[in-house]
Amino acid sequence: MISQRRLPKSENKESLTEDASNTRKQPPSRKTKKSRVQNEVEENDSIFVKLLKTSGIILKTRESQNQLVVDQIVFQKKLFQTLRKHPSYPKIIEEFVSGLESYIEDQDNFRNCLLSCERLQDEEASTGTCYSKSLIKLLLGIDILQPAIIKTLFEKLPEFLFERVNCDGISMPLLIISQLKWLDRVMDGRDLTTKIMQLISIAPEYLQHDFITSLPEILGDSQHADVGKELSDLLTENTSLTVPILDVLSSLRLDPKLLSTVRQLMMNKLSSVKLDDLPVIIKFILHSVTATDALEVISELREKLDLQHFILPLWLQASQSKLKNKVRISFSGNQENSHQDCVFLLFDVIKSAVRYEKTISEAWIKAIEHIPPVSEHKSFDLAMLIIIYSTNTQTKKYIERVLRNKIRSGCFEEELLHSTFCIHCFVLKDLCPSILSLAQNLLHSLDQSIILFGSLLYKYAFKFFDTYCQQEVIGALVTHICSGNETEVDTALDVLLVLNLTAMRLNAVFVKGILDYLDKMSPQQIRKLFYILSTLTFSKQHGGSSHIQDDMHLVVRKQLSSTIFKYKLIGIIGAVTMAGIMAADRSRSSSLTQGKTDLSNEQYTQVTSLLQLVHSCSEQSPQASALYYDEFANLLQERKLAPKVLEWVGQTILNDFQDAFVVDLCAVPNGDYPFPVKALYGLEEYNSCDGIAINLLPLLFSQDFAKDGSRMTSQDSDNKLVSPLCLPPYFRLLRLCVARQHNGNLEEIDGLLDCPIFLTDLEPGERLESMSVKERSFMCSLIYLTLNWFREVVNAFCGQTSPEMAGKVLTRLKHIVELQRILEKYLAVTSDYVPPLATFDLEAVDVIPHTSTAVSAKIRKQGMIGSGRKRKRGDNKTSSHDTLSKEDGSECDPTPSDRGQLEKELKGKEEKTVALQNYHAFFRELDMEVFSVMHCGLVTKFILDSEMHTEATEVVQLQPPELLFLLEDLSQKVENMLTPVGRRIPFLKSKGSQNIGFSHLHQRSANEVARCVVQLLTPMCNHLENIHNYFQCLNADDQGIVDGPEMQVQEYHLMSSCYQRILQIFHGLFVWSGFSQPENKNLLYLAFEILTNRLKQREPDQSLEELLTQSFHYLQNFHHSIPSFQSALYLLRLLMVILEKSTASAQKKEKIASLARQFLCRVWPSGEKEKSSIPNDQLQALLGIYLEHTDSVLKAIEEIAGVCIPELISSSKDGSSSTFPTLTRHTFVIFFRVMMAELEKTAKGLQAGTAADSQEIHEEKLLYWNMAVRDFSILINLIKVFDSRPVLHVCLKYGRLFVEAFLKQCMPLLDFSFRKHREDVLSLLETFQLNTRLLHHLCGHSKIHQDMKLTEHVPLLKKTLELLVCRVKAMLILNNCREAFWLGNLKNRDLQGEEIISQNSQESTANESEDETSSQVSKSKAMEVDEEDKASDGEKEQDSDESDTDSD
C-alpha cells in the first residue's frame, strides 16, 4: 500500500509519492509476482494500451503500480519510433491521446499514471537510475506527445482544485503539477506559462502558494521575464502570496528595473507585514541589491525596518501570559518559540547576506556611519555593527572606527546599548566571543567615553547571556586586571563591582587569581579588589567560600609581616577592607527578616583580631601606622559598622589618642629644646591649670630631627611609641568614629578645635639667616605638622551648625593662610628639604619635590602672598592644552597679568619665595564639606557684610585670603575629577602623579563631586558678584586707572586671584563630559537654573535652551570688570562651553567674538621689567578664539594685518597698536602665527565647487579666494619688516600649507572660471605670483644663513611651488592657452632682493646657483608666470641631505 503521510512541500511531493509507490510490499518470489501481474493487467484493446504494452509498459488496475519492463529511455525511444512510423501518423497522435483521456477518466487509473512506475527488469541490466518516472512524465518527455499531454493535464486539473486531499495523503493538483517539473525540453514554453498563470488565478489560496513555488522548476529561462511581470502584478493584488512570490522572484532571472520596482513595493510595506513573512522579504530585498544602489537600499531598509515593533510586543505578551492558566501558558510558549524562530531566521538571512556579499556589508556600515548625529539611532544599528563585526573579519577595523566616532559624538550611549541587549539578546548571545573581542579593543582606547562603552559591553554581556558567556566575561576582565595597564585595571575592576553577586560567586575562583598580581596595582585598585573578594566570600546571606577566605587571610598576613612598605601597604588595605565587610552593619537588611542585627561573638572576635593584627604589625613604622588610621577612617566614612565593633573601636582610639598627643596646658614641657616652647594658636582663654594642648614640638624633637619619620623614640620608657606624623590621620579616625557614634555630633571632642599647640615663635624675622640648616628643617617640619593638624581640624568641624564653632573654623582657616606665608619664607632658604608625608598610600619617592622647580628664581616684593604665585603657575599649566605649539623659541612670561604697575605702590625688602603647589602632596587633603564655609560670604571695606547665620549675634566673615585658599583647593579638585583626561594629563606624564594628594577625593565618584560643586554655585556667584562690584567701584574711584592712589595692591591681587579661580571652577564644572549622560541631565539643568536665577526671578517649566541663554547672558555681563588677561581667557572658555551645549548658537558665537575683540583691544597692566604682562600662550589662545568665532575670518585678518600692524610699525620702540593695544613688537610673532594658521585653515575649508554650479556661486568663491590671497600677500610681505627667526619659521611652515590649499581648492575653480572671468583669474594669479616669489627668496635666505630650523622646511616648500607651476600650465592647456605659458630661469635672492652668489667660481654659477624655472602671467599673453619652482640638480643633491619632515 502507498504511504499515508502528508506531503509538506510541493517541490518534495513528486519524489515522496514516487518513493511511496516504490516502497510497496514486494512479492516473495518472481513466480508469485507474475501470477499477480496477469490478474491485475488492464485488458483493453485500445491503441493507447497496445502501444504502451508494445513499448514496454504494462498498465495495472486499481491501486497497483504500472509496470515498466524496459529502461525508461528505451521505452520513450520505442514509443516515439512506433508513433512516428505508424501509417496513420500524425493522426495516430490524436488517437493515442484520446485513448489516454478515456483511460484516465477513472480516478484510480489517473492516479496510477501520475505515480512512479514499478520496474520489472533486473537491476544489473538497467542502464538508467533506480528511480522510475510516472507514465505521464515519460510521455511528456516525448516531443510529439508533449503539447497534447499538457493540454490534457490542464483540462483535467480543474476537476480536483476544490477537492479535499485523499485519504492516502496525496493531493491530485500538486501531483499533476509535479509532472511538469524538470522536463528536459519544453516545446511551447509560452503556452505552458499562460496555462499555469491562468491556473494560479483561479486556484484556491492554499494551492496558489504551491503552484507559485513550483514555477522555477517548470519554466525555462526565456519565460522568466513574462512570469516575473505577472507575478509582480499579482503581488499588488494579493498580499497573502507575498512570501511565495518573492521566493520565486529571487530564483528567476529578471530585469533589474523590475526587481527594483518590486523591492520598492516591499520596502513600503515593511511596517505592515507579519513577522512570519519578514525573513523572506528581507532576503529578497538583500538579494536584489546591486553595487550601485546598495547604500541607498540599505539606508532605506534600516530606516523603515523597525524590529522593536515586532519583537517587544511579542515578548511583553509572552511575559503577561505567564499570569494566565497553564493551558494559555503552554500556548503562549509555543507562540513565543515560533516568533523567536522567525527572529532567528531573519537574522540568519541578514548574517548570510553580510558574510557572503561584501557590497552589502560595506553599504550597511556606511549607512550607519552617514547617519547624522541629530538623527535617532536605533538598537538595530548597533546590533548590525556587532553582527557584521562577528561575520566579516575584513571590516573589523572599519567597524571599530565607526563605533569610536559614534561614541565620541554621543550617538551611541548607555541607553541605546541597553535596549540593544534587551531586544536582541538571543541573537547577540551567539556572538559573545566577538562582543568580548570588541570590548577588549575599545578598552585599549585613550578616550574615556570609548573606554566606558567597552566596559558597558562587558556589563550587559554578563547580565543578559548564559552561564558560559558569564564565565568568559569574568575571564576577559581578569585578563585586563592582570595586564598592568592602569586604565584597563580601573575599568575592569569597576565592571566587577557592578556585576550580579549571585552569578559572580560561581566564578569567584577566577577573581581570586588576581591576588598574585597585587604588586602591580595602585592602592585604590587594591581596595576595589579586596572589596569584591570580601563581598563574594564573607556574605552572610549566601555563606562564604572557605578556601577563598583562607587564601585572603594568608595573603594579608604575608604582606603585613613584610618589612618593605610597598607590601605592608597591600596588607593594611586588604585587612581593613576585609574587616569592613565582615563587620558591616546589617540592621537594614536584617530588619526585613527576624534575624540578629549585630555580629555574633565569633564574628566579633574575628574582626577585632584582624584589626589588632594590623595595628601590631604597623606600630613600628609611623608611615604604616598613619596609613592604617587613614584606611580605617575611610572605611568609617564610607559604610556603617556593627554597633559592637564601633563601640570597641571608639574606646580604643579615644584612649590611645589622649595618651599619645594630648597633655595638660599647665604641664609645659621642660627639656633641652633648641627653641623655647610656648602654647600658641589657642582660641579660648584658659586658666593656667585648666585646658589641654597638643604636644607637638616635644614629639617632633624626640625624633631627633628625623626627616623621613621612619624612626621613633619614646618620650619616657613607660609610654607608647608615638610619632607626630600620625597626629592628623589619628585625629581623622577619631572624629569619624565619634561622628558615627553620635550621629555627627562632635561635642565630645570639641575641645580639640580651640586648644593651643605646644610650639615656638614661628615668625623668622631677622634670625632666619642665622639659623643652621638643621634648625630651619626642624622649623619647616614643625610648621608642616601644624598646618596638617589645622587642616584636619577644619575637616572635622566645618559641618557643625553652631555659630561659635563656625567662627572658630574661620579662625583656623586664617591660621592656615598665615602659616603658609611663614612656611614659604623658610622653604625659600632651606634647600633640599623634604617635608614629612601627609599622604601615605604611596611611596615616598613619588612625591619628593624637585628643588630646582620648587624654589622660584623670581623676586617678589614684600606684601605679596604665596597664593598669587601658586595661582600663576597652575593657570599657565591649565591653559596650555588648547594652544598651538610655540615656535618662536621665547619663553612665556609666567608673571600674573595683574602685576607690574600695581607693585610700584609697594617698597620694601625683596625676598625669595617658593610655589607651594610643588609641595601639594605634603599637605593633608581638605574634604569637600569644607567648602560649605564659603556660604559665610566675602567681606571687605568695599563690600557690605553678609551673614551666614541670621540668629547669630555677631557677623561671621570670610576674608579674601581664606576665600582664595578655599577656591584654589576646590579648583584643583575640580580639575582632577571633572576635567577630561585628554586635557588634564600632559604628554609623557603619568596619571598617577596627577592623583597624588587626592586619595580621599577619589573615594567619591565624579557625579558626587559635580553635585557638590553645583551646590556651591550660589555662594560662588555671590562672591563673584561682590568681586565684580569691587572692581566696578575701584574703576569708578580711580577713573579706570588700576594703579590709582586709593588702591591697596595686596587686596587687588587677592580679588583678582579669587575672580580667576571662580571662573576656572565654573569652566571645570561645565566642561565635565558626564553632563552628556542621561542620568546627569537634571544636574545640568539645576546648574543652569542657579545661574539663571541670579539674573531674574525663576519662571516655571523653562526649557534647557532658555536656561542656557539666560546663563550665557549672566556670565557675559562680568566682562566689564575682568581684572586680568587670564581671567578674560577663562570667561571666554566658559562661554564657549555653554555655546557647545546650545542649539541656537549663532548669536552667542557673535557675542564671544565681540568679547574676545574687546579683550584684545583693552590696555592691560604691564610690569616695569617685563616686555608684556600677557603670557604668550594665553594671548595665542584668545586671539584664536576671536578668529574662530568671528563672522569673517578673512576680514578680521585683513584688519589686523592691514591696519593694526602698520600702526605698530609707525609707533615707538616700546609702543603698540592703537586699535589692538595687545599687539606689540614682543607679541607680533603670536599674532602672525595665529593669523597664518587661521588663514591656512580657512583656505583649506573652502570648497572648490564644480562646473555645474551656478554663475553666482563661481563669482562668490572667486571673490573669497581673492580676499584670501590678498590677506596672504599682506602677511607674507611683513617679513620684510619683521625678519626675526620665529617669524620666518612661521612663514615657511604655513606658507607651504597655504600653497597646498590653493592647489587643491582654488585651482579646480580657476579651471572652469578662466573663460568667463579672465581678468579676475589673471589678477589673482599675478598677486599670488609675487607671494610665491617672496617664498622663494625666503628659501634662499634660509639656506644662506644655514639655519637648520628654517632649512628643514625648504625642500617641501620648493616641491609644492614646482607643483604649482605644473598645475597652472595644466589649467592653461585645459583652456586652450598653451602658447601663453612661458618658462624662464629665476635667480636666487635674499629677503632684500639681492642675488645670492654661489661659493664656486663665476663660470659654474649658472649650474650650481639653484636656478628655478619660472612662469609669469601677463594680461596681454594670458600667461607669463615668473614663478619659482624647478630645482636644479645641484639643489636637489643639497636638499636630499635635509629632513623633509615638518617638525612642528
Side-chain angles (χ1 to χ4, degrees), residues 883-893 895 897 900 1125 1128-1129 1156-1157 1159-1167 1169-1188 1190 1193-1241 1270-1295 1297-1298 1331 1334-1335 1338 1341-1342 1345 1347 1349-1350 1353 1391-1392 1448:
T883 59
L884 299 173
S885 60
K886 290 186 286 185
E887 300 154 354
D888 57 348
S890 61
E891 297 181 357
C892 292
D893 187 358
T895 306
S897 57
F1125 191 87
L1129 182 59
R1157 180 183 171 84
F1159 294 145
L1160 290 171
C1161 296
R1162 183 181 296 185
V1163 179
W1164 300 97
S1166 59
K1169 302 178 182 180
E1170 302 158 358
K1171 297 179 181 179
S1172 174
S1173 64
I1174 305 173
N1176 291 346
D1177 55 348
Q1178 297 175 21
L1179 177 61
Q1180 187 168 275
L1182 196 144
L1183 181 58
I1185 292 173
Y1186 167 60
L1187 294 180
E1188 288 175 7
T1190 188
V1193 178
L1194 298 181
K1195 290 183 180 179
I1197 293 176
E1198 184 174 3
E1199 178 190 11
I1200 298 174
V1203 177
C1204 302
I1205 294 180
E1207 293 176 353
L1208 174 64
I1209 296 174
S1210 60
S1211 65
S1212 61
K1213 180 179 179 181
D1214 297 330
S1216 63
S1217 168
S1218 57
T1219 306
F1220 280 75
T1222 50
L1223 175 58
T1224 63
R1225 282 176 169 77
H1226 177 69
T1227 61
F1228 168 79
V1229 64
I1230 305 298
F1231 276 79
F1232 187 75
R1233 182 190 305 123
V1234 175
M1235 287 190 293
M1236 287 291 288
E1238 288 297 326
L1239 179 61
E1240 182 268 332
K1241 181 180 177 181
R1270 184 167 66 249
D1271 289 350
F1272 183 68
S1273 178
I1274 297 173
L1275 291 173
I1276 287 295
N1277 281 277
L1278 289 175
I1279 64 175
K1280 297 178 180 179
V1281 181
F1282 302 92
D1283 57 354
S1284 63
R1285 180 173 176 267
V1287 174
L1288 299 183
H1289 181 271
V1290 170
C1291 192
L1292 282 171
K1293 176 182 177 181
Y1294 291 103
L1297 296 177
F1298 184 85
N1331 303 331
L1334 192 56
L1335 287 176
L1338 180 56
H1341 173 85
S1342 303
H1345 284 79
D1347 190 332
K1349 184 72 172 178
L1350 300 180
H1353 293 283
L1391 294 181
Q1392 286 71 33
D1448 299 300

Requested in this report: Evaluate the side chain to side chain contact (heavy atoms under 4.5 Å, CB included) criterion for residues V1287 and L1278: first the C-alpha distance (whole Å), next the side-chain angles of each, then the deciding distance (0.1 Å), finally the verdict.
Outcome: CA-CA 9 Å; V1287 174; L1278 289 175; over 6 Å; no
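- Here the side chains of I1174 and T1227 are not in contact, with every heavy-atom distance at 4.5 Å or above.
- For F1282, the ring-ring contact (aromatic ring centres under 6.0 Å, His included) criterion is met by F1228, not counting sequence neighbours.
- In this structure the side chain of F1231 reaches within 4.5 angstrom of the side chain of L1179, judged on heavy atoms.
- T1219 is linked by a side chain to side chain donor-acceptor pair (under 3.5 Å) to E1207, counting only residues two or more places apart in sequence or in another chain.
- A donor-acceptor contact shorter than 3.5 Å is absent between the side chain of W1164 and the backbone of P1221.
- You'll find the side chain of D1177 stays beyond 4.5 Å of the side chain of I1230, heavy atoms only.
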Report task. Please step through side chain to side chain contact (heavy atoms under 4.5 Å, CB included) for the pair K1241 and E1188, ending with a clear verdict. Result -> CA-CA 10 Å; K1241 181 180 177 181; E1188 288 175 7; 4.3 Å; yes
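- When atom types are taken as modelled, the side chain of R1162 and the backbone of F1125 share no donor-acceptor pair closer than 3.5 angstrom.
- For the atom pair CD1 (I1200) and CD1 (I1274), the distance works out to 11.5 Å, reported to the nearest 0.5 Å.
- Going from atom CG of L1350 over to atom OG of S1342 covers 4.5 Å, rounded to the nearest 0.5 Å.
- Listed by chain and residue number, F1272 satisfy the ring-ring contact (aromatic ring centres under 6.0 Å, His included) test with F1298 (two or more places apart in sequence, or in another chain).
- Every residue meeting the side chain to side chain donor-acceptor pair (under 3.5 Å) condition with E1198, not counting sequence neighbours, appears here in chain and number order: R1270.
- For the residue pair I1197 and M1235, the shortest heavy atom distance occurs at CD1-O, 3.7 Å.
- You'll find the side chain of L1338 stays beyond 4.5 Å of the side chain of I1276, heavy atoms only.
- Looking at heavy atoms from C-beta onward, S1284 lies out of side-chain contact with V1229 at the 4.5 angstrom threshold.
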Requested in this report: May I have the step-by-step check of side chain to side chain contact (heavy atoms under 4.5 Å, CB included) for R1233 and N1176, ending in yes or no?
Outcome: CA-CA 11 Å; R1233 182 190 305 123; N1176 291 346; over 6 Å; no
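- Between L1182 and T1222 there is no side-chain heavy-atom pair separated by less than 4.5 Å.
- Atom-to-atom distance recorded for I1209:CD1 and C1204:SG is 11.5 Å, nearest 0.5 angstrom.
- For the atom pair NE2 (H1226) and OG (S1216), the distance works out to 13.0 Å, reported to the nearest 0.5 Å.
- The closest side-chain heavy-atom distance from H1289 to H1353 is below 4.5 Å.
- Atom CG of L1208 sits about 5.0 Å away from atom CZ of R1225, to the nearest 0.5 Å.
- C1291 is listed as a side-chain neighbour of L1335, based on a closest heavy-atom distance under 4.5 Å.
- Not counting sequence neighbours, P1206 has no partner by the side chain to side chain contact (heavy atoms under 4.5 Å, CB included) test.
- Scanning for side chain to side chain donor-acceptor pair (under 3.5 Å) contacts around E1238 gives an empty result, with sequence neighbours left out.
- Here R1157 pairs with E1199 under the salt bridge (Lys or Arg N to Asp or Glu O under 4.0 Å) rule; sequence neighbours left out.
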